[in-house]
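Okay, so here's the structure we're looking at.
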Amino acid sequence: MVLWSRFSGADKMGFQGPTRIQAQAIPVAMSGQHLYAPIRSFFVVVCAANRRLVKAATGTGKTLAYLAPIVHLLQMREPRVERTHGTFALVIVPTRELCLQVYGIAQQLVHRFHWLVPGYVMGGESRSKEKARLRKGISILIATPGRLLDHLQHTSSFVYSNLRWIVFDEADSILELGFGKAVEDILGLLGSRNDASDENKSKTDPMQRQNLLLSATLNEKVNRLANISLKNPVMIGLDEQNKPSERSSALGKKHTSLLSDDEDEMPKKHNNVVEPAVDDFKLPAQLVQRYVKVSCGSRLAVLLTILKSQFERQVSQKVVVFMSTCDAVDFHHTVLSQLEWSRGLALDTDKKQKFLGCKVFRLHGNMDQEDRKKSYLGFSSEKSAILVCTDVAARGLDIPKVRCIIQYDSPGEASEYVHRVGRTARIGEKGEALLFLQPVELDYLKDLELHGVSLTEYPFQKVLDGFPVNGEKPLKRKPISLDMHPWILSVQRTLENYVASEATTNKLARDAFCSWLRAYTAHRGELKKIFMVKKLHLGHVARSFGLKEQPSLVGRSHQVQLKKRKKEQKREGQGPTKRRKFPTKK
Ligand SMILES: Nc1ncnc2c1ncn2[C@@H]1O[C@H](COP(=O)(O)OP(=O)(O)OP(=O)(O)O)[C@@H](O)[C@H]1O
């Protein structure tokens with residue numbers, strides 16, 4: 001492999017040498033062959049030239065594994081690349097934050113090659129500014145699918161006749177987010193679809209075009225994307241027992257759309273890649289994974305206590321807290337950043353102070369782009385901070401010094417669990433992951449065990465012992481049940497008084513309550529048996545949002561909805577449906 005120090009400008013990034021995944025994957029990318037890397041969210045299995053298999057966990061440099069060869073080959077092109085030549089490489093990613101991150105890495109890689117110009121286009125940014133930049137010429141373009149398609153269709157000055165590489169990073173997430181149709185249209189416009197008619201095929205010599213597909217899970221949609229976008233790819237991403245069958249002949253076959261998940265549309269068995277029965281996840285050895293068993297009503301008091309204990313133990317650290325919905329992020333961001341208390345626990349008398357002393361950021365897909373960018377860059381640059389976020393931050397983001405990941409709401413699929421915890425313990429750093437589970441959800445641990453992921457119990461009682469009860473540090477006494485512990489009860493009381501006293505926060509709490517319930521009903525497949533809404537006590541769910549009782553609006557609008565549904569069913573002559581539906585927020 002090309003001498004690393006001269007290679008791709010990585011020297012500026014201070015890396016001594018390639019990581020294992022880079023040492024294995026880069027030669028494949030340099031060879032010009034198509035590359036298909038079903039990265040099972042936590043590692044890439046690389047079938048290197050010598051057939052040696054290398055497994056690499058999250059945070060081991062996969063981005064450079066595809067970006068470095070592109071920069072290296074581009075900088076040596078003759079005649080030298082100019083802006084007027086347009087775009088040579090296209091990297092398509094699922095989220096705006098990942099777009100900014102990959103753009104930042106590209107900028108560092110081209111620092112010695114001023115004639116190579118990286119750029120990005122993504123939702124939320126000004127189209128006209130992007131058009132101006134595209135008109136000038138962007139050699140390496142990082143893009144989110146929707147905005148890229150928009151420019152392909154409406155920006156005539158966007159030159160991509162010299163396009164040499166198309167990279168789909170986190171391809172399964174791109175498809176999961178519903179960009180399947182956009183991806184098909186993008187490939188069609190770029191003349192990069194295997195199943196396209198001749199006149200629509202790429203004008204570039206097909207051997208000149210290299211497509212790289214990195215995906216976290218092997219599923220039908222990803223395989224279809226592989227089939228329509230890759231030709232005789234080098235397989236990277238299946239270990240020995242899951243080696244793909246001979247796939248080149250299959251790739252030319254007619255393929256169904258990326259759109260539908262419709263069973264009868266799906267080819268029953270893909271003869272190109274065998275879907276492993278159950279992904280077997282391995283994670284960075286240094287990652288400490290634990291769970292805390294908490295009853296629903298005390299969840300938020302326990303989260304506040306754990307965060308307080310974390311930052312009292314070590315002030316400068318960064319913690320990411322994953323929630324299931326945007327409304328839940330907004331509500332918890334407000335509580336974590338605004339909640340006040342008095343040390344003596346005699347809450348109404350003593351001087352109040354912030355319950356948590358560190359900065360709290362929020363991140364989710366419903367925020368406007370400026371706020372998202374501010375949050376992401378702000379949290380990345382802080383030394384002591386909390387980020388409350390949805391899964392928009394679960395994939396690929398390489399935020400420095402994240403020491404702890406708290407999954408306050410379960411992620412569902414085990415692969416999403418692994419993506420989330422992959423935000424810490426990166427490139428050899430230490431990291432902790434903590435999963436909140438209600439007693440009725442403990443079977444989720446078995447589901448994770450099935451994927452080779454095992455957690456130990458978090459010693460929360462020890463944390464509790466460190467907190468004052470009625471103003472004094474507790475003497476060694478027989479353990480009190482968590483829900484009845486004076487500290488937990490007093491934090492819960494503080495929380496409920498705060499939510500009751502602030503109208504805005506009360507509205508956020510009610511909206512979060514409704515969205516959280518809706519998300520809870522959205523678990524799929526086997527997980528539905530673990531996360532069952534009917535096992536929930538709605539009053540306790542309300543308490544976990546600081547609400548003294550279940551919001552009446554759920555009851556009222558729920559009744560209204562029930563009546564409406566009964567009327568509709570009568571009209572259609574059907575019996576009442578069993579499913580429990582939750583209203584949209586008011
Ligand atoms: N050769 C290298 N030597 C040392 N550090 C590296 C090297 N290559 C990349 N890194 C660093 O490793 C970290 C993780 O890189 P990157 O985000 O590309 O990992 P990843 O495998 O893509 O992670 P994920 O699975 O979360 O997408 C980054 O901070 C990056 O700067």
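In what follows, residues are counted from 1 in the order of the sequence shown. Ligands are counted one by one from 1 in listed order, and the atoms in each one are counted from 1 as well.
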Would you say Gly59 and ligand 1 have an N/O pair spaced under 3.5 Å apart? yes

Using a strict cut-off of 4.0 Å, indicate which atoms of ligand 1 neighbour a heavy atom of Arg423. 26 (O)

Any atom of ligand 1 sitting under 4.0 Å from a heavy atom of Ala65? no

Arg426: numbered ligand 1 atoms lying under 4.0 Å from its heavy atoms: 14 (C), 16 (P), 17 (O), 19 (O), 20 (P), 23 (O), 24 (P), 26 (O)

Under 3.5 Å, side chain of Glu432 to main-chain N/O of Arg403, donor-acceptor pair present? no

Kindly assign one of parallel, tilted or perpendicular to the pair His523 and Phe531, based on the angle between their ring planes and the thresholds 30° and 60°. parallel

Residue portion contacting ligand 1 (non-hydrogen atoms closer than 4.0 Å) for Ile427: side chain

Given the rule in the side-chain hydrogen bond (donor to acceptor under 3.5 Å, both in side chains) test, do His364 and Asp330 qualify, once you have shown the distances and angles that lead to the verdict? CA-CA 9 Å; His364 62 69; Asp330 288 340; 2.9 Å; yes

For Glu130, is there an ion pair with Arg147 - N to carboxylate O distance below 4.0 angstrom? yes

Distance check, rounded to the nearest 0.5 Å: Asn211 atom CG versus Arg164 atom CZ? 10.0 Å

Residues Arg395 and Glu416 bridged, charged N to O under 4.0 Å: yes

Hey, are Gln289 and Tyr417 close enough side-chain-wise for a donor-acceptor pair under 3.5 Å? yes

Is it true that Tyr103 and Gln107 share a donor-acceptor pair across their side chains at a distance under 3.5 Å? yes

For ligand 1, which atoms have a heavy atom of Glu170 less than 4.0 angstrom away? 27 (O)

Those atoms of ligand 1 less than 4.0 Å from some heavy atom in Thr63: 16 (P), 17 (O), 18 (O), 22 (O)

Is there a nitrogen or oxygen of Leu64 sitting under 3.5 Å from a nitrogen or oxygen of ligand 1? no

Any nitrogen or oxygen of Gly61, side chain or backbone, less than 3.5 Å from one on ligand 1? yes

Which ligand 1 atoms are under 4.0 Å away from a heavy-atom of Gly17? 1 (N), 2 (C), 3 (N)

Does ligand 1 have any atom sitting under 4.0 Å from a heavy atom of Arg395? no

Close approach, His419 and ligand 1, non-hydrogen under 4.0 angstrom: no

Could you tell me which atoms of ligand 1, counted from 1 in the order shown, lie closer than 4.0 angstrom to a heavy atom of Thr19? 1 (N), 2 (C), 7 (C)

Distance under 4.0 Å to a non-hydrogen atom of Pro18: what atoms of ligand 1 satisfy this? 1 (N)

Indicate yes or no for a side-chain donor-acceptor contact from His85 to the backbone of Val81 under 3.5 Å, with no hydrogens or angles considered. no

